[in-house]
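For reference, the structure is listed below as structure tokens.
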Protein chains: 2
Amino acid sequence: MPVNSFDNYPMSWKPDKKALKRPFYYSIASLLEQDIINGFLAPGTKLPPQRELADFLDLNFTTITRAYKLCEFKGLIYAVTGSGTFVAPNAARSITISTDKITDCIDLGFVASFEQTNGIVAEIIQKVADKRYLEKLLNYNDPTGIPHQKTAGLNWMDSFGIHVDQEHIAIVSGAQNALAIALTALFEPGNRIATDLYTYSNFIELAKMLNIQLVPIPSDQFGMLPNELEKQCCQTKIHGIFLMPSCCNPTTVMISDFRKHELAMVIRKHHLILIEDDIHAFLTAGMISDYQQPMFNLLPEQSVYICGTSKSICSGLRVAYMVYGDALRKNILQSIFNVNVKTSSLDAEVITELILSGRAHEIVSQKKQLAQSANDIYTEYFPVSKPVGHPLSFYRWLSIQEHHDAVQLETDLKMRGIRVFHSDRFLSGQTTPNKYLRIALSSTNSLDELKMGLEILKQYLG
Amino acid sequence: MPVNSFDNYPMSWKPDKKALKRPFYYSIASLLEQDIINGFLAPGTKLPPQRELADFLDLNFTTITRAYKLCEFKGLIYAVTGSGTFVAPNAARSITISTDKITDCIDLGFVASFEQTNGIVAEIIQKVADKRYLEKLLNYNDPTGIPHQKTAGLNWMDSFGIHVDQEHIAIVSGAQNALAIALTALFEPGNRIATDLYTYSNFIELAKMLNIQLVPIPSDQFGMLPNELEKQCCQTKIHGIFLMPSCCNPTTVMISDFRKHELAMVIRKHHLILIEDDIHAFLTAGMISDYQQPMFNLLPEQSVYICGTSKSICSGLRVAYMVYGDALRKNILQSIFNVNVKTSSLDAEVITELILSGRAHEIVSQKKQLAQSANDIYTEYFPVSKPVGHPLSFYRWLSIQEHHDAVQLETDLKMRGIRVFHSDRFLSGQTTPNKYLRIALSSTNSLDELKMGLEILKQYLG
DNA sequence: AGATTTGTATCTTTACATTTC
DNA sequence: TGAAATGTAAAGATACAAATC
């Protein structure tokens with residue numbers, strides 16, 4: 001038995017050899033998990049290399065590989081060949097963003113959707129309640145949507161550039177629900193999905209829950225970098241890619257049309273499944289001159305296009321349209337049955353009526369006006385020399401220099417009466433030197449309240 | 001290199017050695033999957049033992065283990081130590097039961113819920129549409145349900161024996177949605193859940209999609225056998241158990257109160273998470289003298305109790321109540337955010353109003369009457385000497401002697417104009433010698449149509 | 001630029017548990 | 001009843017690929 005003295009060796013983590021029970025790999029993973037969750041190992045900490053730790057514990061290094069893998073699966077750590085293994089930025093906490101339990105706080109965190117327009121929806125609900133065929137909406141029939149509801153959806157997406165038949169669209173219960181369906185339908189645990197380095201935190205949490213690994217890809221002002229995507233695809237098996245082309249959450253970046261074509265080429269070459277979350281299409285198509293079409297049209301056979309109505313029409317009625325290529329159809333329908341059985345035809349009917357009556361467009365133009373005002377107010381408080389990202393975005397991405405402790409910063413601001421989210425929440429992988437805040441503009445009860453919130457923020461950041 | 005001639009050896013499956021590419025385990029699994037899906041290997045076929053196939057292919061036997069495991073994960077095969085590895089009963093097909101695409105057929109397959117009562121629901125929708133606070137139902141707030149809606153839910157479940165506070169109940173989008181949330185929240189891919197040998201086929205499909213393995217446990221007329229459960233728990237790591245105590249779908253068995261206590265003891269001892277799908281509580285509590293309480297009350301800290309309203313109140317409004325112990329709360333809420341964000345407060349409000357106005361109870365008694373009539377009709381066609389299972393069940397479990405080809409039987413009957421489901425669809429694991437049909441009584445447009453369907457069935461079975 | 005560091009993927013070895021006969 | 005058949009679980013060996021210095 002080799003006798004080593006590693007006491008002087010600089011290992012960031014030394015599990016208690018005596019605490020190990022068989023199976024070793026499992027025992028090591030548990031100890032590591034504990035130490036991360038208890039905060040003994042801070043995010044970013046480099047763990048001992050597999051071979052070092054193996055020597056220290058008198059084990060084969062692949063046993064450490066196995067233990068590390070278990071923790072990586074849970075999103076606690078991430079590994080880079082050649083560099084080492086590190087504690088993940090959001091290892092010890094859930095980064096899910098929801099409206100649960102916010103009290104006495106101006107909310108610049110959660111991105112709502114200017115709920116002032118819901119009066120119109122209430123009117124339409126009354127209209128739907130008086131329909132002769134109301135009773136027909138209350139059974140198990142048409143699990144993917146009643147034909148006329150699907151037609152209305154296609155109608156709605158027509159100006160975005162989506163044109164498919166009834167067999168390739170389904171109504172589901174909101175965009176997040178669509179993401180859950182897409183991931184469970186089309187991916188296996190352990191699969192890898194490429195995403196922007198900063199991406200939608202509820203997508204990160206969903207992937208974590210389903211044990212799907214995210215591979216962060218760098219971007220520039222036109223969107224994800226195709227050569228970086230290409231590099232990752234060659235390096236390791238990537239199964240899919242998640243993009244929000246019309247307005248990335250949280251960075252507000254819009255993918256340029258030329259960039260869409262470049263990315264599509266890489267995606268096609270490597271047979272990735274594209275999940276295109278186009279929840280902001282209503283703010284972009286017909287508004288931004290560079291907008292030509294969704295990426296779905298470039299890759300119809302290997303894409304899922306998701307168009308939620310929560311941001312554009314009404315957040316409380318959980319309705320989204322899912323559009324997919326024929327090759328993906330069977331699996332997606334299966335997952336819809338498994339996860340939802342169906343989406344309430346009543347909710348879908350209200351959205352349908354809103355679209356067909358033209359009131360949905362009325363809501364959209366009101367929301368756009370509100371977004372314009374909110375963005376104007378934001379620019380007063382935080383002027384920028386050169387505007388970046390979507391001009392009507394419901395949130396902004398504010399670069400901050402200091403205040404590097406993400407959790408502390410969020411807590412400080414909450415104590416001052418506002419809720420905002422630090423960029424670390426949106427990290428799909430490694431930590432980065434640049435730090436930001438995402439400032440939601442669409443969740444306060446009024447524009448005055450928004451001003452108050454921004455004032456507090458500006459004073460705090462000094 | 002050993003030179004063998006296995007041509008005379010009786011191996012049920014001999015992959016083409018030359019077709020193998022590295023990695024071998026993956027290549028073997030793909031070939032096996034193809035041969036199962038193409039029907040070359042029928043359900044029940046015994047595959048070559050790991051060591052035999054390894055010798056044949058000049059590989060180590062654990063490489064075959066790995067290949068088999070991959071297929072087992074996908075639900076294509078199952079393995080029994082000592083006996084061998086077999087092609088799964090439902091390997092090559094989806095057994096999901098839905099209403100999609102049924103045409104010109106009397107439906108005795110899908111279990112609907114006597115949709116004749118939906119007129120009452122339509123009335124209540126009109127009442128809800130006139131509420132002053134309608135607009136307040138249309139935002140992102142209260143993702144787990146508005147307090148008064150939760151209270152109504154607790155109210156509804158009071159007579160079933162459920163008594164918890166607001167923090168331990170959430171409103172989700174139907175019972176199947178609750179199952180999806182429970183499985184993603186509380187289990188990992190590869191975990192094992194004990195179920196009845198015959199169980200709800202959409203649960204089987206859901207587990208398959210999430211790579212959760214089901215371990216079938218034998219039952220008798222009082223429910224699952226505790227000593228068999230105990231045996232399996234000792235043999236292999238089991239993480240959870242799925243039960244439908246009030247009326248097992250498809251067998252109509254009700255778990256006796258003494259059996260609930262016996263099972264609870266085993267579940268507690270082995271720290272299983274109990275998923276209790278009590279969708280039929282409304283047919284059982286207060287009706288069946290043996291009913292005392294849900295199993296949740298015996299194991300509150302390690303249970304999820306699911307009470308869907310689709311069968312009892314209205315199928316088209318997707319609302320279910322999820323009740324859980326404190327230890328499970330955090331994970332369940334996380335999964336609710338990940339999968340649903342929230343359930344439409346409009347739908348929840350309609351169910352709430354139905355409960356509070358007393359109309360829900362009116363619906364239930366109508367449905368019970370319809371169920372009584374339907375069961376009476378069924379008994380005329382298929383009399384039984386000694387009644388088994390729930391007397392008011394919405395479906396019956398008919399033992400059949402011949403007609404052993406499940407797919408053929410279903411197809412034959414469809415050609416004769418009725419849809420029914422063969423027991424093989426409900427098998428959570430191995431094949432069994434006994435065969436049944438599940439006959440839904442609650443899906444025809446009228447009781448006359450039910451009679452017509454049963455008549456066709458009776459003639460066919462001779 | 002090439003050796004070193006570090007992680008990944010696959011296959012093999014070993015020990016063992018259950019069922020069958 | 002105990003040897004043989006069969007599957008399971010964990011750990012080790014080998015080859016390799018990318019990043020670092």
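Chain A is the first sequence line, chain B the second, and so forth, proteins listed ahead of strands; every chain is numbered from 1.
For T65(A), no side-chain nitrogen or oxygen approaches OP1 or OP2 of dA9(C) to under 4.0 Å. Look at S83(A) and you'll find a side-chain N or O under 4.0 angstrom from OP1 or OP2 of dT20(D). OP1 or OP2 of dT8(D) sits under 4.0 Å from a side-chain N or O of Q50(B).
Remark: of the listed residues R51(B), Q50(B), E72(B), Q50(B) is the sole one forming a side-chain hydrogen bond (donor to acceptor under 3.5 Å, both in side chains) with T65(B).
Using a 4.0 Å heavy-atom distance criterion, R51(A) is classed as a base contact. Among the heavy atoms of the strands lying under 4.0 Å from T63(B) is at least one base atom, whether or not backbone atoms are also near.
Rounded to an integer number of Å, the gap from CG of L57(A) to C1' of dG12(D) is 15 Å. Across the protein-nucleic acid pair, N60(A) atom CG and dT12(C) atom P stand 16 Å apart, rounded to whole Å. Computed from coordinates, the F86(A) CZ to dT20(D) C1' distance equals 11 Å when rounded to whole Å. As rounded to whole Å, 20 Å separates atom P of dA18(D) from atom OH of Y78(A). To the nearest angstrom, C1' of dT10(C) lies 17 Å from CG of D58(B). For L20(B) and dT10(C), the CG to P distance is 14 Å, given to the nearest whole Å. dA9(C) atom C1' lies 10 Å from atom CZ of R22(B), rounded to whole Å. Rounded to an integer number of Å, the gap from Y68(A) OH to dT5(C) C1' is 14 Å.
Judged by a 6.0 Å distance limit and a 45° cone about the ring axis, R259(B) is not positioned over the six-membered ring of F222(B).
Under the 30°/60° scheme for interplanar angles, the aromatic rings of F203(A) and F242(A) are found to lie parallel.
With DNA chain D read from its 5' end, the first of the two nearest nucleotides for L47(B) and K21(A) is the one closest to L47(B). Heavy-atom distances to DNA chain D give each of K46(B) and T62(A) a nearest nucleotide, and the one nearer the 5′ end belongs to K46(B). A residue-by-residue look at G82(A) and Q232(B) shows that G82(A) has its nearest nucleotide of DNA chain C further toward the 5' end.
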Compile the donor-acceptor pairs under 3.5 Å between side chains in residues 28-35 of chain A and protein atoms, sequence neighbours left out, one pair per line.
residue : atom : partner : partner atom : Å
S30(A)  : OG   : Y26(A)  : O            : 3.0
E33(A)  : OE1  : K74(A)  : NZ           : 2.8
D35(A)  : OD2  : W13(A)  : NE1          : 2.7

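Under the 3.5 Å distance criterion, the side-chain polar atoms of K435(B) are left unmatched by any main-chain donor or acceptor of A406(B).
When each of dA11(D), dT10(C), dA15(C) is scored by its nearest atom to the side-chain atoms of F24(A), the top-ranked nucleotide is dA11(D). Nearest to the side-chain atoms of Y25(A) among the listed nucleotides dA10(D), dT10(C), dA15(C) stands dA10(D). Considering only side-chain atoms of F61(A), the nucleotide from dA15(D), dT6(C), dT8(D) that sits closest is dA15(D). Of the listed nucleotides (dA17(C), dA10(D), dG7(C)), dG7(C) has the atom at the smallest distance from the side chain of T85(A).
Base pairing of dA1(C): no nucleotide in any strand meets the Watson-Crick or G-U wobble criterion (both distances under 3.5 Å).
Side-chain atoms of R66(A) come within donor-acceptor range of the base of dA11(D), with a qualifying N/O pair under 3.5 Å.
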Quick one: do Q221(B) and V253(B) satisfy side-chain contact (heavy atoms from CB on, under 4.5 Å)? Show the steps, please. CA-CA 6 Å; Q221(B) 58 183 314; V253(B) 168; 5.9 Å; no
